[in-house]
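Inspection log for the structure reproduced underneath, given as structure tokens.
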There are 2 protein chains.
Amino acid sequence: MSVSVMELKEAKDKFIHTWGTLATQWGINRTMAQIHALLLLSPKSMNADEIMADLQISRGNVNMNLRDLMDWGLIYKQLLPGERKEYFIAEKDIWKVAKQIAKERRRREIGPLIEAMEELKESIQPDSAEKEEFLKIVNDISKVSVFADNTMTSLLKSDENWLINNFIKIFNK
Amino acid sequence: MSVSVMELKEAKDKFIHTWGTLATQWGINRTMAQIHALLLLSPKSMNADEIMADLQISRGNVNMNLRDLMDWGLIYKQLLPGERKEYFIAEKDIWKVAKQIAKERRRREIGPLIEAMEELKESIQPDSAEKEEFLKIVNDISKVSVFADNTMTSLLKSDENWLINNFIKIFNK
DNA sequence: AAAAACTTTCAGAATATTTTGAAAATTCAA
DNA sequence: TTGAATTTTCAAAATATTCTGAAAGTTTTT
């Protein structure tokens with residue numbers, strides 16, 4: 001193997017490792033992130049055995065995290081003609097990847113918060129100063145959550161959005 | 001204790017419990033979130049012993065998480081005249097709280113990603129098609145990260161921002 | 001300067017999360 | 001059908017994170 005190819009292999013390994021480490025900091029599990037990184041960098045789709053061999057992890061682990069990555073909409077299953085095995089390929093359009101991650105996090109992180117605050121609001125009658133104080137906080141959190149949710153949605157939804165357009169200009173430079 | 005006060009106590013407990021549970025979903029530890037919730041709901045500042053008693057957790061745990069909450073800028077230390085003990089009070093302005101959390105997450109989640117991608121870019125010369133392909137991905141992630149960072153910053157920085165103003169209108173209704 | 005009041009630290013314990021791997025389930029070809 | 005290939009499941013093991021509590025450190029009072 002030539003020196004220059006070796007450099008690339010090293011950089012790819014570093015990318016996979018880094019992606020895995022960073023992911024834990026944002027609540028995604030290390031292996032899921034590493035599989036994602038591996039597939040992102042792979043020019044062709046890979047099957048479970050290849051991923052197992054490459055990352056040195058068990059079949060069960062690979063299976064579980066591939067399923068999670070599909071739930072997140074970050075990878076797709078590819079059925080190759082004449083092949084029994086399932087192959088997986090990552091979404092390579094990084095803007096789509098980012099949108100997908102943001103979407104999923106909005107759903108997981110903001111959704112339950114809004115629901116919980118609504119439930120609390122309904123459970124208390126504002127018939128005392130103390131209760132009004134409590135409801136003030138619950139209401140404020142509710143409003144901030146709905147705002148965050150709306151902001152996320154408008155950032156994600158329309159590519160006509162000024163913010164997005166502004167971004168696309170920079171991105172396509 | 002009257003029935004109506006009991007209801008409030010229950011709602012507060014539910015709030016604290018919910019806040020703690022949700023927090024784990026967004027990478028913050030349960031106890032830290034519970035202490036934060038407790039202080040958010042407390043009309044007066046609390047000391048370590050009071051928090052220990054209320055949440056039934058150890059002194060070390062309380063101390064450590066109070067420090068983390070101060071790092072996050074979510075609570076302040078209050079020295080009461082004539083008191084030896086340190087008292088803690090939460091930032092009650094929920095919009096400030098949200099900004100603080102967003103700021104901290106930007107710093108922790110996006111910052112390291114940008115750095116890692118820059119480092120990878122510098123380590124590889126684009127002297128082959130394979131390397132160019134790799135650098136394309138790294139570059140794209142770099143651009144998306146910088147975009148996310150900038151978007152966060154402009155959302156947070158200026159209250160003249162249209163998005164913020166729009167929010168404030170809703171919030172103050 | 002000593003003692004009391006309080007805060008911080010950190011090694012070990014407890015808890016929670018992730019991973020393994022073999023067995024069960026499923027799919028497909030013959 | 002049958003059975004080989006492949007995927008999925010899940011209990012137990014490994015690993016990672018959080019928590020405890022007593023000892024050490026610090027600050028204030030006497």
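The chains referred to below are lettered A, B, ... by the order of the sequence lines, with proteins before strands, and numbering in each begins at 1. It should be emphasised that the depicted structure is a prediction, and the values quoted were computed from it without experimental measurement.
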Less than 4.0 angstrom between a side-chain N/O of [X] and OP1 or OP2 of [N], yes or no?
{"X": "B:Thr31", "N": "D:dC19", "result": "yes"}
{"X": "A:Asn63", "N": "D:dT8", "result": "yes"}
{"X": "A:Arg67", "N": "D:dT8", "result": "yes"}
{"X": "B:Asn29", "N": "C:dA16", "result": "no"}

Calculate the interatomic distance between [X] atom [atom1] and [N] atom [atom2]; express it in whole Å.
{"X": "B:Glu83", "N": "D:dT29", "atom1": "CD", "atom2": "P", "answer": "12 Å"}
{"X": "B:Met64", "N": "D:dG21", "atom1": "CE", "atom2": "C1'", "answer": "15 Å"}
{"X": "B:Met52", "N": "D:dA22", "atom1": "CE", "atom2": "P", "answer": "11 Å"}
{"X": "A:Gln56", "N": "C:dT20", "atom1": "CD", "atom2": "C1'", "answer": "13 Å"}
{"X": "B:Met46", "N": "C:dT7", "atom1": "CE", "atom2": "C1'", "answer": "17 Å"}
{"X": "B:Tyr87", "N": "C:dA5", "atom1": "OH", "atom2": "P", "answer": "15 Å"}
{"X": "B:Ile57", "N": "D:dT20", "atom1": "CD1", "atom2": "P", "answer": "6 Å"}
{"X": "A:Glu50", "N": "D:dT6", "atom1": "CD", "atom2": "P", "answer": "12 Å"}

*asked:* Can you confirm whether A:Leu69 sits close enough to A:Met32 that some side-chain heavy atom of one is under 4.5 Å from a side-chain heavy atom of the other?
replied: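 A:Leu69 reaches A:Met32 side chain to side chain.
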_Residue whose nearest DNA chain D nucleotide is more 5′ - B:Ser58 or A:Phe88_ =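 Going by which nucleotide is closer to the 5' end, it is A:Phe88.
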*Base, sugar-phosphate, or nothing for A:Asn61, non-hydrogen atoms under 4.0 angstrom?*
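Contact class for A:Asn61: base.
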*Counting any heavy atom closer than 4.0 Å, what does B:Arg59 reach on the DNA or RNA strands: base, sugar-phosphate only, or nothing?*
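Base contact.
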*For the residue pair B:Phe147 and A:Trp95, categorise the inter-ring angle as parallel (less than 30°), tilted (30 to 60°) or perpendicular (more than 60°).*
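Perpendicular: the ring planes of B:Phe147 and A:Trp95 meet at over 60°.
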*Heavy atoms under 4.0 Å is the rule here; annotate nucleotides 24-30 of chain C 5' to 3' with B where the base is hit, S where only the sugar-phosphate is, and - elsewhere.*
---BS--
_Counting only heavy atoms from other residues, nucleotides and ligands, does the tally under 6.0 Å from CD of A:Gln25 exceed 12?_
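More than 12 within 6.0 Å, yes.
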_More than 12 heavy atoms of other residues, nucleotides or ligands under 6.0 Å from CE of B:Met52: yes or no?_
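Yes, CE of B:Met52 has more than 12 neighbouring heavy atoms, counting only those of other groups under 6.0 Å.
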*asked:* Consider salt bridge (Lys or Arg N to Asp or Glu O under 4.0 Å). Of B:Arg106, B:Arg105, B:Lys103, which one does B:Asp149 pass it with?
replied: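 That would be B:Arg106.
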*Using the salt bridge (Lys or Arg N to Asp or Glu O under 4.0 Å) rule, take A:Glu118 and A:Lys121 through it: C-alpha gap first, then chi angles, then the decisive distance, then the call.*
CA-CA 5 Å; A:Glu118 287 307 314; A:Lys121 272 195 244 174; 3.0 Å; yes
_Residue B:Lys85, side-chain atoms from C-beta onward, closest of D:dC19, C:dT18, C:dC6_ =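 The answer is C:dC6.
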*Report whether B:Met64 and B:Phe88 are members of the same hydrophobic cluster (ILVMFWY, side-chain heavy atoms less than 4.5 Å apart, transitive linking).*
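Different clusters.
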